Amino acid sequence: MAIKKPRGTQDFLPETSSQWEYIETKIRKICSNYGFGEVRTPIFEETRLFLRGIGETTDVVQKEMYTFTTAEGKQSYTLRPENTASAVRAYLENKVYGWEPVTKWFYVGPMFRHDRPQAGRYRQFHQFGVEVLGTDASVSDSEVIAMAMQFFNELGLKDLHLEINSVGCPKCRPQYREKLIAFFEGKKEELCDDCVSRLYKNPMRLLDCKIDSKKDVFAGAPEIHEHLCEECHIHFEQVQSFLKAADIKFTVNPRLVRGLDYYTKTAFEIQYPPLGAQSALGGGGRYDGLVEELDGPPTPGIGFAIGLERVLLALENQDLVPKRKSDEGVFVLTLGEEATKKGFSLVQQLRQLGCYAEMDGQGKSMKSQMKYANRIHAKYVIILGDDELHRQIAIVRNMETAEQEEISLEEVVAEIKRKLTPQM
RNA sequence: GUGGGUAUGGUGAAGUGGUUAACACGGCGGAUUGUGGCUCCGUUAUUCAUGGGUUCGAUCCCCAUUACUCACCCCA
């Protein structure tokens, strides 16, 4: 049996890779404009990091991690399912807090979750994300959101919805949680099975249940905004006013809840509805308790993660995927052994001068070589056969105009280089 | 983890219980000897995911497996 790639993974062939390159170029540009430096952490970490960082009761940790032990079986490792925990670990391990008041990092790379694959959902997927550590200023919440929106804008994506919410903090969330449980406890009969099981584990998740949230049961359910503490309330108001000041459109969705335990205060999500079930292109929020949870000094943080496969889907959906454009180049067409030897020398010289040059070398017919030259969109073809070799010249054919000229072998490389170099 | 759909050449995709499995694209070769893109011609699946069963006979029927896919769940 032929060996196939693992389920939920993808091979990116050159055509697709160039699309990724395009997206990454945008990412790097924006990050540099916002003053974010790239952090590269290991693809795998000690399993404990994710247990504590993401939360033991979350789905991600409970059923989606790729966990393994080494041959000695001493240590348990896990392929990173997201990168915030790793970034915070790196922040602490390198004692960045000791010399940098505010840290702004971004990352791009593969993440791993053992989900059932589906449109826009893969087991190895790629995220672009940012983290701001060391400030609880509401302006940084807005900055991070603005950054995500600018990323989508620059890609040309339209019709995105930005939803924001505040999920409270350890001071006010527990009370709200209790109220929610109390409210729904008597109405278990009317809830779907999933919600019943969520009721005690993570009652806030009930709020965005697709089935129950449409029912009457929800009438009169306690709203998070009525239960935020003073601090959270003010913070949320400020975030909104900063967004307005930057002319960023958003809607407040009191039922927006994030799935990872570490989120506090601000939570947000960017949706592109046409993608269907997996319409969240990105999301993020504040995680003021995470650094402490990982044994660091009390340090506030905020960040987002964007699913790049989904971004690509959205780009395809709006026909915004750039076509791969090949470089202007030259094809060296050779006939005969001696000519091929000389041709190889020409190709190498051209390449060393920074030109895109190719040849056949398989001894194919002239016609066949011409076809190939055409296929790779060569701008010039250098034709070299025994005849030309004896006369110490080469025929240079312009593939657009079909004009041909004879140039001496000594000058042909320099001449082509000149032709291919744009005039300043 | 749960439920639905689909599995035919490099790709897209017809099709039938029984000698030669359409078609399109792509690939390769050719259309006077050393010249591309257009056109034309030829060629390109001992075989219809894998394993089992029904049958005189299965790519077409049944079962299982696997993969892909969509939805639930979850999330990016």
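Below, chain A is the first sequence line, B the second, and so on; all start at residue 1. As a basis for the values below, the full set of heavy atoms in this structure was taken, side chains included, without hydrogen atoms, waters or symmetry mates. Keep in mind that this is a model prediction, so the values were computed, not measured.
- Residue A/L333 is out of contact with every strand shown, counting any heavy-atom pair closer than 4.0 Å.
- Closest approach to the A/E388 side chain among B/G27, B/G34, B/C73 is made by B/G34 (side chain taken as heavy atoms from C-beta onward).
- For A/K4, taking side-chain heavy atoms from C-beta onward, the closest of the listed nucleotides B/A67, B/U35, B/G3 is B/A67.
- For A/M366, counting side-chain heavy atoms from C-beta on, the closest listed nucleotide (B/U69, B/G36, B/G34) is B/G34.
- Listed by residue number, the members of residues 18-39 of chain A with any heavy atom below 4.0 angstrom from RNA chain B form an empty set.
- The side chain of A/S368 contributes no N or O atom lying less than 4.0 Å from OP1 or OP2 of B/C28.
- Using a 4.0 Å cut-off, no side-chain N or O of A/R375 falls inside it from OP1 or OP2 of B/G37.
- In this structure, the nucleotide among B/C73, B/G3, B/G36 sitting nearest to the side chain of A/D59 is B/C73.
- Nearest nucleotide to the A/I395 side chain, out of B/A76, B/A71, B/U35: B/U35.
- At a cut-off of 3.5 angstrom, the base of B/C70 holds no donor-acceptor pair with the side chain of A/R121.
- A centroid separation of less than 6.0 Å is found between the aromatic rings of A/F128 and A/F151.
- The nucleotide whose nearest atom lies closest to any side-chain atom of A/S365 is, among B/U69, B/G30, B/A76, B/G30.
- Residue-environment remark: CZ (A/R40) stays at or below the threshold of 12 foreign heavy atoms within 6.0 Å.
- Sorted by residue number, the members of residues 301-318 of chain A with any non-hydrogen atom under 4.0 Å from RNA chain B read A/A305, A/G307, A/R310.
- Counting only N and O atoms by type, the side chains of A/Q362 and A/Y372 include no donor and acceptor under 3.5 Å apart.
- Residue A/K63 has its side chain nearest to B/C73 when only B/C73, B/G36, B/A71 are considered.
- Using a 4.0 Å cut-off, some side-chain N or O of A/Q118 falls inside it from OP1 or OP2 of B/C72.
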> Which dot-bracket string describes RNA chain B (Watson-Crick N1-N3 plus N6-O4 or O6-N4, or G-U N1-O2 and O6-N3, all under 3.5 Å; [ ] crossing; | other strand)?
Replying inline: (((((((..(((.....[....)))((((((.......))))))....(((((..]....))))))))))))....
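- Within 4.0 Å (heavy atoms only), A/Q278 reaches at least one base atom of the nucleic acid.
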